[in-house]
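First comes the structure, then the notes that go with it.
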Amino acid sequence: MAFEHILLEKREPIAVITINRPAVLNALNAATLKELSQAFEDIAADDAIRVVLLTGAGPKAFVAGADISELSGLDEVAGREYAERGHVLSRRIEKLGKPVIACISGFALGGGCELAMACTLRLASEAARLGQPEVKLGLIAGFGGTQRLPRLVGRGAALKMLLTGAMIPASEALRIGLVDEVVPAGELMARAEALALEIAANAPIALERTLLAIDAGLDLSLDDGLAEEARHFGQICATEDKDEGTAAFLTKRAAVWKRK
């Protein structure tokens, strides 16, 4: 699959998606959003890929935000449609059934920060800067920032970022829970790949069901969430991978997963 604005590299069991617009700090335009959706659709259908790394080209930015030249021309109808395209992409990432690790180097602002929040995990270089500066442009976060940020960091910390529009360093992002790990800039991709391989060594159906249970449970009461967990647990007990995993443990050998 050929792309103009992103790169897709598959190194089984990992896929690496790189937003490749370094001249504009990897800003998201409509064409880039479409290509990202296509790439994740391709990965969803590829059983050989178990974990995805999402990053931006060059050291200056993961994604520095939306393409302001596009935003400036939006009216009410077009603005809502633009936000909804971002929501569709974000939910595609969250419901992929495979972990997606955002590898954040440099700026992750506006839509870039929101894109990272849709990922399963977020690793940042020490030089990363994250923020939601939309209020400085007369806008609000439109790709899920008003909804995901408080879920990740709490209402107060989210409001501080969203109302001031200020950037925060990687160390502060780690402190409030916006990122999961901070590493030296030169080690970001190596650390992300090592983490991806550690995750990919586990049963793919178990990974998928864990992601599904958590995603569904966040919108349920505790009792309903526990029922959802029990449903997934029961279904996975009927899989060949459960039989293989338990047998491998009992016989002290490495498991060979079949995704069945």
Side-chain angles (χ1 to χ4, degrees), residues 1 8-17 36-55 87-103 114-123 144 147-148 150-153 177-181 191-260:
M1 187 177 294
L8 172 58
E9 179 185 6
K10 294 183 178 180
R11 303 194 303 267
E12 298 176 8
I14 299 171
V16 181
I17 298 175
L36 285 169
S37 290
Q38 291 171 337
F40 279 107
E41 184 176 354
D42 175 82
I43 289 168
D46 190 340
D47 287 344
I49 299 302
R50 297 184 182 179
V51 183
V52 183
L53 305 183
L54 177 63
T55 191
H87 296 162
V88 169
L89 172 60
S90 298
R91 291 304 279 160
R92 177 163 287 170
I93 293 171
E94 288 175 326
K95 291 180 172 292
L96 186 66
K98 304 175 184 184
V100 181
I101 302 173
C103 308
E114 291 167 302
L115 184 63
M117 284 191 279
C119 295
T120 315
L121 297 169
R122 286 157 295 282
L123 303 188
Q147 304 306 306
R148 291 189 180 87
R151 283 170 165 82
L152 282 170
V153 306
L178 181 52
V179 302
D180 302 293
E181 193 172 328
R191 170 56 188 147
E193 185 166 339
L195 179 59
L197 290 172
E198 181 180 357
I199 293 170
N202 297 312
I205 295 178
L207 297 177
E208 179 181 10
R209 290 307 184 104
T210 297
L211 292 169
L212 289 172
I214 290 176
D215 187 67
L218 288 173
D219 294 322
L220 300 174
S221 69
L222 178 58
D223 286 340
D224 288 343
L226 291 173
E228 181 75 0
E229 179 183 79
R231 182 178 70 83
H232 285 293
F233 188 87
Q235 290 175 351
I236 208 166
C237 281
T239 65
E240 292 182 27
D241 275 359
K242 186 275 291 184
D243 294 339
E244 169 64 11
T246 53
F249 177 84
L250 293 171
T251 57
K252 297 180 172 59
R253 62 173 174 82
V256 179
W257 309 118
K258 299 179 181 179
R259 199 180 178 86
K260 294 181 180 179

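Worth saying up front: this structure is predicted, and the values here are computed from it rather than measured.
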> Under the side chain to side chain donor-acceptor pair (under 3.5 Å) test, which residues partner E229, sequence neighbours left out?
Replying inline: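 For E229 there are no side chain to side chain donor-acceptor pair (under 3.5 Å) partners, ignoring immediate neighbours.
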>> Going by the rule side chain to side chain donor-acceptor pair (under 3.5 Å), which residues pair with E208 if we only count those two or more places apart in sequence or in a different chain?
In response: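 With sequence neighbours excluded, E208 shows a side chain to side chain donor-acceptor pair (under 3.5 Å) to no residue whatsoever.
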Find the distance between [atom1] ([X]) and [atom2] ([Y]) and round it off to the nearest 0.5 Å.
{"X": "I49", "Y": "D42", "atom1": "CD1", "atom2": "CG", "value": "9.0 Å"}
{"X": "F40", "Y": "I93", "atom1": "CZ", "atom2": "CD1", "value": "4.0 Å"}
{"X": "L54", "Y": "L123", "atom1": "CG", "atom2": "CG", "value": "11.5 Å"}
{"X": "L53", "Y": "E193", "atom1": "CG", "atom2": "CD", "value": "7.0 Å"}

Ionic contact status for [Y] with [X], cut-off 4.0 Å:
{"X": "D241", "Y": "R209", "result": "no"}
{"X": "R191", "Y": "E181", "result": "yes"}
{"X": "K260", "Y": "D47", "result": "no"}

Close side-chain approach of [X] to [Y], heavy-atom, < 4.5 Å:
{"X": "E114", "Y": "S90", "answer": "no"}
{"X": "I17", "Y": "I43", "answer": "yes"}
{"X": "I199", "Y": "R50", "answer": "no"}
{"X": "E94", "Y": "R148", "answer": "yes"}
{"X": "L212", "Y": "H232", "answer": "yes"}
{"X": "L195", "Y": "V51", "answer": "no"}

[X]: side-chain contact (heavy atoms from CB on, under 4.5 Å) partners, not counting sequence neighbours:
{"X": "A227", "result": "none"}
{"X": "D180", "result": "L121, R122"}
{"X": "A206", "result": "A203, I236"}

>> Once salt bridge (charged side-chain N to carboxylate O under 4.0 Å, His left out) is applied, do any residues pair with D243, and if so which ones, sequence neighbours excluded?
In response: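 So D243 forms no salt bridge (charged side-chain N to carboxylate O under 4.0 Å, His left out) with any residue.
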